[in-house]
Amino acid sequence: MPVYIINEDDLIVSREAPASARDNEIVIASLDELRAAGLSGKRLLALWNGLPSVARLSKVGNREVLTERLWSAMEAMSAPQPARASKQAEVIALLRRPEGATVDDVRAATGWQPHTVRGVFSGALKKKLGLDIVASKEERGRVYRIAESGA
């Protein structure tokens with residue numbers, strides 16, 4: 001659930017609440033918190049007019065209605081997307097599974113060509129990261145795994 005941080009200049013959408021709010025920041029996660037924040041009508045109007053794709057207002061009118069409209073518009077704002085794991089991290093996760101991964105499994109997850117997958121195994125994972133990658137021949141083909149340390 002997104003959290004909204006209101007400071008002197010901006011309305012910021014965040015995936016999680018900050019550890020501590022600065023003196024000039026208000027952290028809001030619900031309509032009730034927005035109501036309890038005690039923002040002036042002028043500040044509510046400035047926040048409303050600062051939102052993208054809303055009809056600008058010149059006066060507050062009914063404060064409660066504006067607060068509810070502001071909250072609805074804030075909820076409609078797109079929340080920041082979590083950072084996508086790198087393809088290398090995805091490959092490592094596949095290789096750490098008990099069943100391991102074939103070149104085709106890695107290709108399906110990353111969209112890479114077979115020679116790129118083998119190059120990542122050899123270069124990035126073995127040489128650069130020092131991971132011990134073992135291959136074994138199984139029914140479904142050559143299966144690669146990251147060997148457990150101490151094994």
Side-chain angles (χ1 to χ4, degrees), residues 1-39 43-57 66-151:
M1 178 171 147
V3 174
Y4 306 92
I5 303 167
I6 299 172
N7 62 27
E8 293 172 357
D9 303 315
D10 297 311
L11 172 63
I12 303 164
V13 183
S14 177
R15 286 192 306 269
E16 56 190 43
S20 62
R22 296 187 187 121
D23 292 336
N24 62 344
E25 289 182 339
I26 302 168
V27 179
I28 295 174
S30 69
L31 176 58
D32 291 334
E33 289 179 8
L34 180 59
R35 286 182 182 131
L39 297 171
R43 184 67 181 126
L44 288 171
L45 187 62
L47 287 169
W48 173 263
N49 287 332
L51 293 174
S53 305
V54 297
R56 292 186 55 85
L57 299 174
L66 179 59
T67 302
E68 289 175 9
R69 286 178 68 189
L70 178 61
W71 178 252
S72 294
M74 287 167 53
E75 284 187 310
M77 292 171 57
S78 61
Q81 299 299 314
R84 180 181 180 271
S86 68
K87 288 184 179 182
Q88 180 175 301
E90 289 180 31
V91 171
I92 291 171
L94 287 172
L95 296 174
R96 285 204 166 127
R97 299 181 309 178
E99 66 270 21
T102 64
V103 169
D104 286 336
D105 293 339
V106 176
R107 285 184 62 206
T110 61
W112 291 338
Q113 295 294 318
H115 64 276
T116 305
V117 173
R118 290 188 295 272
V120 166
F121 289 171
S122 172
L125 302 183
K126 277 186 167 180
K127 293 177 183 172
K128 288 186 179 174
L129 297 179
L131 297 174
D132 186 17
I133 297 180
V134 294
S136 59
K137 190 78 169 156
E138 296 181 7
E139 285 182 28
R140 59 186 179 131
R142 186 162 300 278
V143 178
Y144 299 87
R145 292 180 180 84
I146 294 178
E148 296 298 320
S149 57

Pair Y144-V106, side chain to side chain contact (heavy atoms under 4.5 Å, CB included): steps then yes or no: CA-CA 10 Å; Y144 299 87; V106 176; over 6 Å; no
Residue from V120, D105, V91 passing side chain to side chain contact (heavy atoms under 4.5 Å, CB included) with T110: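 So, applying the side chain to side chain contact (heavy atoms under 4.5 Å, CB included) to T110 and each of V120, D105, V91, only V91 qualifies.
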Exam field: side chain R97 to backbone L94, donor-acceptor pair closer than 3.5 Å: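 Side chain of R97 to backbone of L94, a donor-acceptor pair under 3.5 Å: yes, one is there.
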R145 side-chain N/O to P98 backbone N/O, donor-acceptor pair under 3.5 Å: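 Yes; at least one donor-acceptor contact below 3.5 Å.
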Quick check for you: to the nearest 0.5 Å, what is the distance between [X] atom [atom1] and [Y] atom [atom2]?
| X | Y | atom1 | atom2 | result |
| --- | --- | --- | --- | --- |
| E25 | I6 | CD | CD1 | 10.5 Å |
| L47 | M74 | CG | CE | 7.5 Å |
| D132 | L95 | CG | CG | 11.5 Å |
| R56 | L45 | CZ | CG | 8.0 Å |
| L70 | L11 | CG | CG | 7.0 Å |

Listed partners of R118 passing side-chain contact (heavy atoms from CB on, under 4.5 Å), at least two apart: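 V103, P114, H115.
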Pairing of R35 and E68 as salt bridge, 4.0 angstrom limit: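 The answer is yes: the pair qualifies as a salt bridge.
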Step-by-step side chain to side chain contact (heavy atoms under 4.5 Å, CB included) determination, L39 to L34: CA-CA 8 Å; L39 297 171; L34 180 59; 3.9 Å; yes
Whether Y4 and W71 hold their rings parallel, tilted or perpendicular, with breakpoints at 30° and 60°: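 If you compare the ring of Y4 with that of W71, the planes turn out perpendicular.
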Partner residues of W112 under the ring-ring contact (aromatic ring centres under 6.0 Å, His included) criterion, sequence neighbours left out: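 Checked W112 against ring-ring contact (aromatic ring centres under 6.0 Å, His included); zero matches.
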L125 vs Q88 side-chain heavy atoms within contact, under 4.5 Å: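 Touching, per the 4.5 Å side-chain cut-off.
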Step-by-step side chain to side chain contact (heavy atoms under 4.5 Å, CB included) determination, T67 to L31: CA-CA 8 Å; T67 302; L31 176 58; 4.1 Å; yes
Taking every non-hydrogen atom, the tightest pair across [X] and [Y]:
| X | Y | value |
| --- | --- | --- |
| E99 | V143 | O-CG1, 3.3 Å |
| V27 | E33 | O-OE1, 3.7 Å |
| W48 | A55 | NE1-O, 2.9 Å |
| N7 | R43 | O-NH2, 2.6 Å |

Chi angles and distances behind the side chain to side chain contact (heavy atoms under 4.5 Å, CB included) call for K87, T116: CA-CA 12 Å; K87 288 184 179 182; T116 305; over 6 Å; no
